[in-house]
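Note on naming: letters A, B, ... go to the chains in the order of the sequence lines (proteins, then strands), and numbering restarts at 1 for each one. Since we're looking at a predicted model, the values are computed, not measured.
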Amino acid sequence: MIKSLRGMNDILSEDYKRFTYFINTATKVAQRYGFHFIETPLLEETALFKRSVGESSDIVGKEMYQFIDKGQNDVCLRPEGTAGVVRAFIQKKLDKAGGAHRFFYHGSMFRYERPQKGRLRQFHQFGVESFGVNSVYEDVTMIMMVSDILKELGIGYRLQLNSLGDNNCMPDYRNKLVKFVKECEDDICEDCVRRLDTNPIRVLDCKNDKCQTIYDGAPKLLNNLCDSCDDDFSSLKKILQNNGIEYEIDTNLVRGLDYYSKTAFEFVSDNIGSQSAIAGGGRYDKLVEFLDGRPTPAVGFAIGIERLMELIVMPETSRDGYYIGAMDEEAVDLVMSLAHKKRKTDKVTIDYKAKNFKNHIKAADKICAKYFCIIGSNEMKDGNMIIKDLQNKTEIIIKQEEF
RNA sequence: GUGAGAUUAGCUCAGUUGGUUAGAGCACUGGUUUGUGGUGCCGGGGGUCGCGGGUUCGAAUCCCGUAUCUCACCCCA
């Protein structure tokens, strides 16, 4: 038997219902905020991700589905959504057009990782990107949007906030931190020693308790922001407070992707195992410029759909559609015709076999039909049909031609 | 890439120190006087015990390998 590849799942039945319910809800919210759908290719030039996500990240270093295509192009299945949207934004010259451009997208992302709870090789994200808006209000708008989506889905969360600074203050802070960590290099874990070379800021969210104890005394990102970043972060907190959105400050919250600056946020759930981040985002003012566009401030977020699938509280399903059953072999043709007619407007389920009344009504109940119709010898003779409302337990008799 | 635990019917799982033809519940399906539904009654189908080797008179059971799943690490949504 041929099976799906590791970490690649089929979505059907109940999962598909939840999946589409999520997409529909998130789409509705994003549209209420004035965002427009954008679809970008699953396959992009490898260089796009190397330059945007950053060579130091594991995503680019070891998790990309990268290959040479038949035209000798070095290509990748996208590991995340922002890079492609930024590329499209620049390619369509929207950076030169000026003004605000706001997009949302959803689709498959690919990372060659060992699967575990809430992590797949092909997974789905819903994301939003806003270009051309410098204001910290837009950062708050992003957070509000995620919050609205999660609330509509009945999902509880904690919001964690940090500021990563900008080109002005981050490099100085990084140097301070490296200096501090190097002094205790002998006491920290292997991973942190490696991080010192690849991505020093990441030592901050090391899960090793011993490391964390050591880093308690390390210089804090939030105490080393320049005036502009510090002001923005204060405004951010104030606006959130004014709008009743609760948050926690986590100075150790860092983002794994190189392109983030200033506002960084993560929505986490305590009910889904160790991969607890269900949404993450922040500002990335330098990325457009970095990908050869005109300097354009930008902010966005992405939601990991699989991570919150089991948290979604589905609305109660109500009875829907018709079930039409035949009690005689001779009535099956008529049932087929009635169904064909009714299917122009309604959901209709039929059985091609003649059964007795009880079996048909059981079947109608099982598939949760709202209306139950039966054609037996009586109906064949008089041209009537019974329509029974299975919800209200009422029934009416109509002419078959009125059905 | 690293570590641990799993894999028996469509699903959830039993299966004794290795011993006849591998079981249950649910689901599916047929019947239960041609007329009223979630939980009536009676029957039926369905398994290469993940796959490949090995030990043994004999393996679902013990050993080795391998695939997949799960959980965790790394990393990330």
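- Put simply, the side chain of A:E379 and the base of B:rG35 share a donor and an acceptor less than 3.5 Å apart.
- Distances shown here put a side-chain N or O of A:S274 below 4.0 Å from the OP1 or OP2 atom of B:rC73.
- A:K353 has a side-chain polar atom (N or O) that falls below the 4.0 Å cut-off from OP1 or OP2 of B:rG30.
- Under 3.5 Å, the side chain of A:K3 and the base of B:rU68 form no donor-acceptor pair of N or O atoms.
- We find that the ring of A:F372 and the base of B:rG37 do not stack by the test of centres under 5.5 angstrom and planes tilted less than 30°.
- With salt bridges taken as basic N to acidic carboxylate O contacts below 4.0 Å, one links A:D285 and A:R283.
- Ring-plane geometry between A:F131 and A:Y284 is classed as perpendicular, the angle between the planes exceeding 60 degrees on a 0 to 90 degree scale with a lower cut at 30.
- Across the interface with RNA chain B, nearest-nucleotide mapping of A:K362 and A:Y260 shows A:K362 to be the residue nearer the 5′ end.
- Of the residues in residues 26-35 of chain A, not one comes within less than 4.0 Å of RNA chain B through any heavy atom.
- Closest to the A:E63 side chain, of the nucleotides B:rC75, B:rU36, B:rA72, is B:rC75.
- In this structure, A:Q275 reaches the B:rC73 phosphate: one of its side-chain N or O atoms is under 4.0 Å from OP1 or OP2.
- When distances are taken from the side chain of A:K366 to each of B:rU36, B:rC73, B:rC28, the shortest belongs to B:rC28.
- The residue among A:N9 and A:R111 whose nearest nucleotide of RNA chain B is located toward the 5' end is A:N9.
- Nucleic acid contact for A:L308: none, since no nucleic acid atom lies under 4.0 Å from a heavy atom of the residue.
- Distance A:I59 CD1 to B:rC74 P: 15 Å, rounded to the nearest Å.
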Which pairs of donor and acceptor atoms, one on a side chain in residues 308-323 of chain A, lie under 3.5 Å apart (sequence neighbours left out)?
residue: A:R319; atom: NH1; partner: A:A369; partner atom: O; Å: 2.8
residue: A:R319; atom: NH2; partner: A:D365; partner atom: OD1; Å: 2.6
residue: A:Y323; atom: OH; partner: A:H360; partner atom: ND1; Å: 2.9

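- Protein atom NZ of A:K393 is 20 Å distant from nucleotide atom P of B:rG35, rounded to whole Å.
- Distance from the side chain of A:R319 is smallest to B:rG38 among B:rG38, B:rA77, B:rU36.
- Side-chain to base pairing of A:R114 with B:rC74: no donor and acceptor N or O lie closer than 3.5 Å to each other.
- Residue-level contact check: A:D58 touches the backbone only, with heavy atoms under 4.0 Å from sugar-phosphate atoms and none from bases.
- In terms of polar N and O atoms assigned as donor or acceptor, the side chain of A:R6 never comes within less than 3.5 Å of the base of B:rA67 in a complementary pairing.
- One can find a donor-acceptor pair under 3.5 Å joining the base of B:rG35 and the side-chain atoms of A:N378.
- Nucleotide B:rG1 holds its P atom 13 Å from the CZ atom of A:R119, rounded to whole Å.
- Other residues, nucleotides and ligands contribute only 12 or fewer heavy atoms inside 6.0 Å of the NZ atom of A:K92.
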